[in-house]
Structure formats: structure tokens, C-alpha cells
Amino acid sequence: MYKRFLFTAAAGLSLCIIGVAPIVGASTPTVDWKLLPADATEGRCIGRFTFNNMDSVERVCFTQLPRPMKVISPGDSLGEINPGYYFIISPAFGSSAKDIVVDVECEWPLRSISECPESYQAITVSGEIFPIQPGSKPVLTDAALHDRKWSEWMLPSDSIYRLNSRLATGRHPGTFDIVPSFKKIELKKGVCKKGMPVETMLTTHDNPEYYRITLTPEKAIVEGASARGVALGKRALDQIFKGAEGNGSVECAVIEDWPDYPYRGLMIDIARNFRTPDEMRRIADLMADYRLNTLHFHLTDDEGWRLEIPGLPELTDIGARRGYTENSHKYLPDIFAGTGMADNNLPSANGYFTRREFIDFIRYCDSIGIAVIPEIESPGHARAAVKAMEARYRNTGDATYRLIEDNDSSRYSTAQFYHDNLMNPAVEGTYRFIGKIVDEVASMYDEAGVALPGIHLGGDEVPQGAWAGSAAVTEMKKRSGLESQHAVQGEYVRRIAGIMRDRGIPLYGWQDICTDYPDSFHAEVSPAVGGMDCWVSSPEPEKNVAIKGVKAGYPVIISNVDYFYMDMLYSPHPEEKGLYWGGFTDELRTLSGYPDEICPRDGSEPGKVIGVSGKLFAETIRNRGDMERLLLPKCLGLAERGWNASPTYSPEDFNILIGDKILPLLSEKGVEWHLRQPGIILQDGRIMMNSPYPDAEIRYTLDGTPPDISSARLYEAPIDKPTGPVVVKAILCKDGKTSVPTVLHLSY
């Protein structure tokens with residue numbers, strides 16, 4: 001997504017590790033940032049920082065999603081401490097000057113609020129550090145709309161209006177409309193009342209998750225092919241009654257249901273920004289409600305290590321803490337958002353699951369039918385582990401678990417702009433480390449009394465140039481007849497597969513672990529693989545990685561970025577939070593992600609598609625609300641496609657089901673969710689607005705000011721267009737939630 005850039009710091013500048021102390025006798029520094037209207041230059045934007053009360057300050061650090069940028073004034077300096085962590089120096093810092101302006105030019109446009117500078121720290125002339133609260137929240141909508149490319153990129157207000165007209169059908173969801181939808185429903189005479197006795201029993205069926213619900217006037221009977229099937233049936237029964245109107249009574253019926261795919265997953269990344277055990281229990285409960293059954297738990301990455309490993313305390317002492325640092329010797333550098341203070345950082349920056357917390361968590365997930373597959377990223381995305389094990393080696397002299405070698409002159413840049421995040425596949429410490437982690441994770445499952453379904457070892461995004469300057473890898477290539485970097489990575493995967501096979505633990509990985517290798521490799525590795533996440537595919541069969549994986553004998557998990565990446569923006573709007581490098585994903589997009597269309601096959605292949613998985617990476621997540629809004633309601637389409645391979649709900653019926661029944665139930669639970677936008681259109685001289693949900697309100701302004709939930713103007717009927725230029729801004733309001741604003745400029 002981004003291209004790396006280099007900078008030159010001011011002469012004599014050193015990035016020292018510093019302590020925390022207040023500025024005594026000085027006014028509190030302030031900073032404001034705004035996006036300037038774009039000029040005629042294509043493909044760039046300018047952000048303006050305005051500083052005050054900087055008489056004791058040498059520099060200001062800030063976090064921002066990484067991108068090429070430079071200061072405009074030759075007297076100012078911009079430096080990169082870490083990808084996504086920068087500092088600014090102005091010759092006016094350290095003086096009593098007011099309104100110190102530093103303009104920074106970015107090579108690419110800022111198109112989302114998530115791309116703005118976020119957290120700031122002042123570094124004093126004496127080396128002290130403290131956070132600065134920005135004076136105001138960045139607003140992108142108006143500045144962005146001056147950019148021609150933005151105008152082309154955003155959804156026009158009339159396009160939203162036409163979509164809402166299609167979605168707001170007026171149809172009321174039926175009693176038995178839930179997500180995911182039932183396979184078979186046979187209505188019977190009579191009424192079954194809420195609170196009636198519920199009997200459970202086992203039955204026989206080829207699908208272990210099969211269940212049957214029989215609703216009679218006297219009782220409800222839930223039968224399942226296994227204890228898991230019974231539990232699924234009880235959850236579905238609970239959903240039926242919660243969605244019932246009036247006194248909660250429903251028609252008598254016999255419901256039969258089963259999933260078309262055994263793997264229905266959701267990946268949650270807590271490495272980049274931490275989420276607590278309590279927050280993750282909430283996610284597990286939501287997964288169980290919608291019959292998702294596998295949590296792919298992304299615990300480690302470049303920016304964090306979030307699981308306690310006995311015997312290797314450095315992993316969490318260093319890898320679970322962030323702050324202002326030059327060398328990562330004591331903790332990792334800040335990124336995304338932070339205070340700069342390793343011992344007093346944000347909850348999203350610091351934290352990890354203790355061994356006991358993880359055991360309790362997997363035990364809880366097991367009790368509600370959720371299997372937890374932990375991900376330990378390797379050999380790439382491993383900066384937190386690399387830095388932690390280097391600290392261990394430096395402090396103890398023990399190289400047992402060292403992951404790199406001295407004098408490796410390799411030069412590379414990853415997709416996230418790191419150049420020091422790779423484990424070395426020719427260093428034995430790498431395999432001792434992986435073996436140690438696997439054994440410790442397995443022991444946690446043993447103590448929890450929960451079967452370990454597998455461990456995800458990552459394997460993705462190893463950049464070009466990896467290990468090119470490694471003497472150990474050069475020797476390994478000669479010794480083993482390996483001719484390319486890809487072959488070296490294949491040797492790593494082969495050895496890891498052996499470690500997992502020896503322990504009887506299935507190996508999971510991204511598509512990179514299985515792509516473009518010879519048949520001999522597949523014959524050895526595929527039996528050890530429990531699932532291969534295919535995140536990029538192609539309509540061309542010869543380039544379709546999922547098809548290749550199935551033909552090579554792998555169990556394939558459809559997790560395509562263009563359907564199932566939950567961290568993508570819901571829509572192209574500057575006030576939406578999320579990323580957009582892989583497109584835009586809402587609940588209607590996930591609903592359309594049919595695995596048989598993404599990976600067509602004839603049934604003769606040795607492998608198969610085992611299911612779907614949504615992926616929630618955490619670059620833009622700062623709190624529980626951010627996480628839940630990115631997941632809901634878009635993960636409902638994922639749940640529907642994981643359970644039902646064939647078409648079920650139309651987009652219109654799915655939308656009204658979500659708005660009428662599901663969103664209110666989520667609100668009752670205190671769960672955050674995302675709300676769609678209102679549409680606006682000018683027709684026959686009148687301004688008309690509409691909503692995708694019949695019970696939502698539309699609040700608007702006509703003078704370009706931002707509307708809010710208490711704005712005086714409530715849309716009730718078409719509005720005669722005022723004379724002269726008008727800027728219409730409207731938001732949707734429902735159950736206490738508000739949407740991003742829809743904007744219509746009328747210049748005549």
C-alpha cells in the first residue's frame with residue numbers, strides 16, 4: 001500500500017531514550033493539524049501543523065499511518081523513528097514564538113480519518129517527554145471535496161439515494177428470519193410461547209453440527225447430531241424468541257439446519273493494537289450467536305507480542321510495550337497511537353494475555369463452541385520477536401533462541417516498510433524458538449483441557465531481498481541446492497511442517513506457505529496443513545491461488561481481501577475509519593462472497609474448500625468500539641456465506657433484516673455497530689432524502705455545518721431548494737447511533 005521513504009535528520013540530532021517528567025513553569029504545548037485544500041498538483045496533499053507554547057520543546061513526535069512525506073520549509077526537519085512514528089523540528093521550537101506553522105507534504109492523498117496524524121508527544125530540550133492533546137479533531141470532508149480525485153472517489157449522494165431506495169423495501173422480516181438463515185422450515189398449527197420448557201437430545205446425522213428444532217404448544221425440542229449441534233440449536237432458538245414481537249410467541253414449526261462448511265472463522269488481530277480478555281470474550285459470544293466456530297487469534301506481529309511464554313519473558317517485557325525509543329532494546333517504538341511512555345502508554349499500545357488468562361480464555365471459547373487457533377507470525381512479520389530475542393541474547397549471552405545472525409547485510413522493505421523484521425531460516429535458533437513456542441502453547445491447551453485445533457504460523461509477505469546478505473542462507477542454498485529466495489522460504493515451511501507433524505499439531509498458514517512449489521513439496525507438506533488462508537485470488541483459473549491450493553491437495557479457507565477483510569472501509573468516505581488498499585467492504589459485499597464462485601472446482605481435486613474466514617487487522621483500531629463497528633454488521637454476511645453456500649437472502653431482504661431485528665438486539669447488548677448513510681437527491685427543484693431503514697431519522701443542515709443527533713432540522717418531507725448556493729449535509733440516526741454525513745453541493 002505504501003512506499004518507504006528516507007529522511008535526513010537535523011545535524012547532531014540524537015534519538016535518546018528518555019524519562020517522563022512535567023514541564024515546570026512552562027505553558028502546556030499545543031498542536032493543531034488540518035488538511036489544506038488540494039492544489040493543482042496531482043497525487044499529493046498538504047497537512048498543516050500549528051504549534052504553540054513550544055519554548056521548552058526541542059521536537060514533537062507524532063503517529064500517522066506511514067507514507068512518503070516531506071516538510072515544505074527548508075528550515076524544518078521531518079524524521080522517521082519507526083514506520084508510522086515521526087518527529088518534527090522547527091527552528092522556532094525552544095522560543096516564545098506563537099502559531100508556529102510546519103507544512104508537511106504527503107505523496108499520496110489522505111482519504112480517510114484513519115490516515116491523519118493522531119497522537120503527539122513533546123520532547124523537551126532536557127530530554128523529557130510528555131503527550132500533547134491535539135486542540136481539535138481533524139475534519140477531512142470539506143478539504144477532501146475540493147480534490148477532483150476525491151469527488152470521483154466518494155459515493156455521490158444521488159447514488160446513495162438510489163441504493164437506499166432499493167434497500168428500503170418495506171418488507172418486514174419474518175419470525176424465522178435470522179442470520180445465518182435456516183435450511184428447512186415446516187410451519188405447524190399452534191403457537192409456542194417464550195419461556196416454555198426446552199428439551200434437548202442427541203440424534204444421528206452425517207453432519208456433526210446438524211440440529212433440529214421442534215416448536216410445539218407444550219415445549220421446544222432441540223435435537224443435535226452432537227453436543228455442538230445441540231448448542232447451536234439452543235442459540236438459534238434463543239435468537240428466534242429474542243426477535244419475536246409482542247409477547248414473544250412464535251408459530252409452531254419444525255426447523256432443520258446444518259452448515260455447508262466446517263470452518264467458519266474470524267481473525268482478530270490484537271498484536272498491533274491490544275484488546276483485553278474481557279473484550280475478546282464479547283467477540284467470542286458474538287461469533288457463537290452467528291454460528292461462527294473458529295477464532296483465528298493473531299497474537300504476534302511486527303508491532304507487538306501479546307502472549308506470555310514461560311522461559312522467554314523478553315517477549316512480553318519488550319514485545320508487549322511501546323514508547324519513545326531509538327533502538328528497541330527495552331521496548332518497541334510507538335506506532336498507530338501512544339503516549340511515548342512505555343510504562344504509561346495507551347491500553348491499545350501495551351498489554352498481553354498472561355498464561356492463565358489465555359488458558360481461561362480458550363476454555364471459555366470451547367464452552368461456547370469456538371475453537372481458537374493462535375497465530376505466531378513467521379518468518380516475516382516477526383520484528384517484536386526478533387527484537388525481544390536480541391535483547392535476551394544481549395543481556396544473557398545465550399544465543400539458543402536467537403533469530404538472526406551477525407553481519408547480515410540484507411536490504412529489504414516489507415509491505416509495512418520494515419527492514420529488520422525477518423527470522424532467518426538458516427539459523428537454528430529460529431527452529432528452536434518455534435519449537436519452544438509451539439510446546440508452550442500446546443501445554444496451555446493441555447492445562448485447559450481443550451483440544452489444540454492447530455497453530456497458524458503466518459508465512460506471508462516476505463519481501464524481495466530477504467536474506468540476500470545472509471552468509472548462513474548463502475551456505476544453506478549451496479548445501480541444499482536452493483536456487484531462489486522462494487526456495488529458501490519453502491525450506492523454512494518444510495521444516496516447520498516437520499516440527500508440527502512430529503507433535504501431531506495441524507499447521508495453518510497464509511497462502512504464501514503453499515504457493516508455486518513443486519509437487520514433491522506439496523506431497524510432503526500438505527498432509528501437515530490444517531488450513532491454507534487464501535487472501536488474494538484471481539478470476540483467471542491459472543492464477544487463482546485457491547484453485548491451485550485445492551489441486552495441490554490443501555484444505556483451503558476463503559478469506560479474500562475483496563470480500564472478507566473486515567478492516568476495510570465500509571464505503572469511500574473521509575470520515576469512515578479503516579483502510580481501503582483492498583477496496584470497500586460492507587455487509588452486502590460479504591453476503592456476496594460465495595466460495596464456489598471465488599474458487600470454482602470440479603470435485604476431482606485432492607484438496608477442498610473447508611470454509612470462509614473474515615480478517616480484522618488492527619492498524620486503525622484504538623478501542624472496543626472501533627473493533628465492534630468494523631465487525632458489525634459486515635461480519636453478518638460472512639456468517640451467512642459460511643453457513644449457506646447457496647444464495648439465501650437478497651441484498652434487500654438482508655438489509656431490512658439487519659435494520660429491523662439485528663441492530664436493535666445488538667444495541668440491547670451494548671454492542672457498537674456501523675450505520676449506513678442517508679441519500680440525498682435534487683429532483684424537480686426539491687431536495688429529497690431517504691434512509692435504508694424505515695425507522696431511522698435523518699438530521700440535516702443546509703448551510704454546510706455538520707449536523708448531529710440533536711440538530712434542529714429533522715427531515716420529514718421534500719424541501720424546496722433555497723435560492724443561491726447550498727451545501728446540504730445529512731446524517732442518519734438510529735438507536736442512538738449516527739452515520740457519517742452525506743454531502744450535496746448545490747451551486748445554482
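Every value quoted in this text rests on a predicted model; they were computed, and no experiment measured them.
No side-chain donor-acceptor contact under 3.5 Å links E597 to the backbone of Y594. Proximity of a side-chain donor or acceptor of H298 to a complementary backbone N or O of M267 within less than 3.5 Å is not detected. Although no hydrogens or angles enter the test, the distance criterion places a donor-acceptor pair under 3.5 Å between the side chain of D269 and the main chain of A618. At distances below 3.5 Å, at least one donor-acceptor pair connects side-chain atoms of S559 with backbone N or O atoms of C534. Remark: the backbone N or O of I270 is not paired with any side-chain donor or acceptor of R275 at under 3.5 angstrom. Under a 3.5 Å cut-off, the side chain of K608 and the backbone N or O of G603 do not form any donor-acceptor pair. The main-chain N or O of R355 is found under 3.5 Å from a side-chain atom of E308 such that the two form a donor-acceptor pair. In this structure, the side chain of R306 engages the main chain of A271 through a donor-acceptor pair within 3.5 Å. No donor-acceptor pair under 3.5 Å is formed between the side chain of K551 and the backbone N or O of A546. For R264 (side chain) and Y261 (main-chain N/O), a donor-acceptor pair under 3.5 Å exists by modelled atom type.
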Report the C-alpha separation of F617 and Y565 in whole Å, then their side-chain angles, then the decisive distance to 0.1 Å, and conclude whether the ring pair (Phe, Tyr, Trp, His ring centres under 6.0 Å) test is met.
-> CA-CA 8 Å; F617 291 101; Y565 268 41; 5.6 Å; yes
With side-chain contact (heavy atoms from CB on, under 4.5 Å) as the test, would you mind laying out the steps for I662 and Y290 before giving the verdict?
-> CA-CA 11 Å; I662 296 179; Y290 301 110; 3.5 Å; yes
Test side-chain contact (heavy atoms from CB on, under 4.5 Å) applied to Y492 and I434, step by step | CA-CA 11 Å; Y492 173 80; I434 294 296; 3.9 Å; yes
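Under the 3.5 Å distance criterion, with hydrogens and angles disregarded, no donor-acceptor pair is assigned to the side chains of H674 and D586.
Remark: K615 is not positioned above the aromatic ring of W535, lacking an NZ or CZ atom under 6.0 angstrom from the ring centre and at most 45 degrees off the axis.
We find that R235 and D289 are joined by a salt bridge, their nearest charged nitrogen and carboxylate oxygen being less than 4.0 Å apart. Look at D177 and K661 and you find no salt bridge, because none of the NZ, NE, NH1 or NH2 atoms lies under 4.0 Å from a carboxylate O. For the pair E186 and K188, the salt-bridge criterion is met [side-chain N within less than 4.0 Å of a carboxylate O]. Using a cut-off of 4.0 Å between Lys/Arg side-chain N and Asp/Glu carboxylate O, D516 and K548 are scored as salt-bridged.
Residues passing the salt bridge (Lys or Arg N to Asp or Glu O under 4.0 Å) test with E375, sequence neighbours excluded: none.
L167 contributes atom CG, which lies 4.5 Å from atom CG of N655 (distance to the nearest 0.5 angstrom).
Within 6.0 Å of atom NZ in K669, more than 12 heavy atoms from other residues, nucleotides or ligands are found, so the atom counts as buried in its surroundings.
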